Amino acid sequence: MFRLPSSLIVGFSAAVLLSGLGLLARMWAAAPYPPQVLFDRISQFLGTPAMFNLIHHLLGVGQGGKIAAFLGVLLLWLGGLTLLGVLGPVIATGVLLLVLLFVVPAGWAVGYAVLYLLIRLALQPAVIQHQQGRREALNALGVGSLAITVAASGSLLKKVLDGTDQTAASAFKAGSPLPEGIVSQDDLYYVSKNLEGFDPLLSAEKWSLKIKGMVEKPGDLTLSDLKKFRQRDLELTLNCISNPVGGFLIGNAIWTGFTLRDLLNQVGVKQGAKFILWKAADGYIESLPLGEAYEEDVMLVHSINGEPLTPKHGFPLRVLIPGRYGMKQPRWITEMELSSSDVPSYWSQRGWDKEAFIKPSSRFDVPEEGKPVVAGKELMMKGVAFAGKVPITRVEVSVDGGKTWQEAALKDRRSKHAWTLWSLPWTPEAGIHEVVVRAYGAGKLQTDQTADPLPSGSTGWHRFLVNAS
Ligand SMILES: Nc1nc2c(c(=O)[nH]1)N[C@H]1C(S)=C(S)[C@@H](COP(=O)(O)O)O[C@H]1N2
Ligand SMILES: [Mo]
């Protein structure tokens, strides 16, 4: 029978133990986690134009590319550590230290190396035991690894629960039925430079927003400090610059928080300041020209549809800026600096448009691409149209591939920052039809020139074939 060499079993067990303990250190001491750091570097590479387009074509715009990258990194990390099992404890530790020095700060690299050495030395008796009784040794290692996994998931869960124990101050009652056109927090699209498991999990008690740079009153404001500003609701559509034509990286919700201007007035902006520079807990950086920051509807928000933001969607505080794509609006913000000069932002460093002004788009929700419809029966075609700060004034639909057009009915919006819902009845004859939708922003027809999301947002009309039978 094939037997794994005991050195690889030791290597693998050490890998699991080190990774589990590292995860705990990350949660409780904010230690850099080597697989995460490696993944961050790789995902930054995935965000560069050539890779983004390749992955987008191979795997779609979902989380596929990121997950594949992370699995690859994990395989490298666990596989590499497992192979270290063939070297003696001291030499293996030396090799690991060399590698870690390229990945995490020196202090943490040494810390990890020492931990690894201790694990290896502790595992040596297990190997001897393994040679006598394979089962006991493996059991002991298995129970140990399991205990660590359970402890790690337990603390993760506790952090999530701690983090969300907050009350919202919204006129909109959490749990009441959502008005038409509002997307629930659970259904809101999710885009992050991080793998979801590595998004920041911030604690409401420990978190504060640092205000620095060209202000009269620098300092740290806690969530309760910030909730003293006049609280208000704003319905606004969030739109990712990566959204393809007809895509779902767009959503509309009621956000609660305060006007950024109130905060700026309180901290006193100094003469000569021209930009706000944001920093977030995941290392994301963005900026906003100060003039725009004083606009009425630029807000910092802590709640969505009457409930606190979940960690995934930015707990405890995120920025809302009408008219700009999601990338300009950092989540998990920790720092706001007033500065006389701008800095490149996270995505603009990777080839995306720095300004990220929202481009007009329109989409079908009914009929759905790829789903047949019933011939001879009336159906209500529906969808959304959005152009950022520019109001949608007209939506037209064609069911013959663009030869003839009909005007759709538009629903009145509750907020000038919300998408526009459109509808139009249609009784399809049996056969194949090409449906097309196009919107007008402030009277101007959206362009039919197709453009990729990269670098400054997709353009083109949403069109597809529908089979009626
Ligand atoms: N700190 C931080 N903020 C961020 C991002 C990020 O990766 N890190 N992604 C941005 C992008 S590209 C978008 S489209 C929105 C998405 O927000 P959502 O996932 O809550 O819908 O968050 C923005 N804010
Ligand atoms: Mo985005």
Side-chain angles (χ1 to χ4, degrees), residues 36 39-40 43-44 46-49 52 55-56 61-63 65-66 69-70 164 182-202 207 209 236-244 247-257 276-288 298-305 307-336 345-359 361 386 388 419 452-458:
Q36 178 185 0
F39 165 76
D40 274 354
S43 73
Q44 290 174 15
L46 298 183
T48 56
F52 176 87
I55 287 172
H56 173 62
V61 288
Q63 307 294 307
K66 266 190 331 195
F70 185 68
T164 46
I182 301 288
V183 177
S184 74
Q185 174 156 231
D186 282 348
D187 291 339
L188 181 65
Y189 81 89
Y190 164 76
V191 167
S192 170
K193 77 173 180 66
N194 319 301
L195 197 73
E196 189 177 337
F198 290 142
D199 276 339
L201 262 184
L202 303 173
W207 178 89
L209 179 65
L236 174 140
T237 295
L238 194 64
N239 188 172
C240 181
I241 196 166
S242 310
N243 196 29
F248 288 88
L249 300 182
I250 181 171
N252 182 57
I254 300 166
W255 309 86
T256 311
I276 295 188
L277 314 181
W278 310 102
K279 274 198 190 128
D282 60 346
Y284 198 76
I285 49 170
E286 254 303 342
S287 69
L288 186 67
V298 175
M299 292 178 68
L300 300 186
V301 298
H302 48 73
S303 299
I304 170 173
N305 301 334
E307 55 187 44
L309 293 169
T310 54
K312 178 174 174 173
H313 289 297
F315 180 86
L317 200 65
R318 66 184 293 165
V319 180
L320 279 194
I321 307 167
R324 307 266 199 155
Y325 283 120
M327 60 171 265
K328 288 298 281 183
Q329 311 177 46
R331 283 170 284 178
W332 313 294
I333 51 168
T334 53
E335 201 179 290
M336 187 179 120
S345 63
Y346 184 88
W347 286 115
S348 74
Q349 285 171 349
R350 289 163 181 81
W352 295 85
D353 177 13
K354 174 125 181 62
E355 309 305 334
F357 287 111
I358 293 174
K359 294 185 170 162
S361 69
F386 188 57
W419 59 19
D452 267 345
L454 204 128
S456 51
S458 64

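Note that these values count all heavy atoms, side chains included, but never hydrogens, waters or copies made by symmetry. Each ligand, and each atom within it, is numbered from 1 in the order the structure gives. Computed from a prediction, not measured in an experiment: that's the story for all the values here.
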Looking at Ser456, Ser287, Ser348, which one forms a side-chain hydrogen bond (donor to acceptor under 3.5 Å, both in side chains) with Lys354?
-> Ser287

Listed partners of Tyr346 passing ring-ring contact (aromatic ring centres under 6.0 Å, His included), at least two apart = Tyr284

Set of ring-ring contact (aromatic ring centres under 6.0 Å, His included) partners for Tyr325, sequence neighbours left out = none

Amino acids in close contact with ligand 1, where any non-hydrogen atom sits under 4.0 angstrom away | Leu188, Tyr189, Tyr190, Val191, Ser192, Lys193, Leu238, Cys240, Ala280, Asp282, Tyr284, His313, Arg318, Gly326, Met327, Gln329, Pro330, Arg331, Trp332

Inspect the contact between Glu355 and Lys328 and indicate whether a charged nitrogen and a carboxylate oxygen are less than 4.0 angstrom apart.
-> no

Kindly assign one of parallel, tilted or perpendicular to the pair Phe39 and Phe198, based on the angle between their ring planes and the thresholds 30° and 60°.
-> tilted

Residues in side-chain contact (heavy atoms from CB on, under 4.5 Å) contact with Asp199, at least two apart in sequence or another chain = Tyr190, Ser192, Asn194, Glu196, Trp332

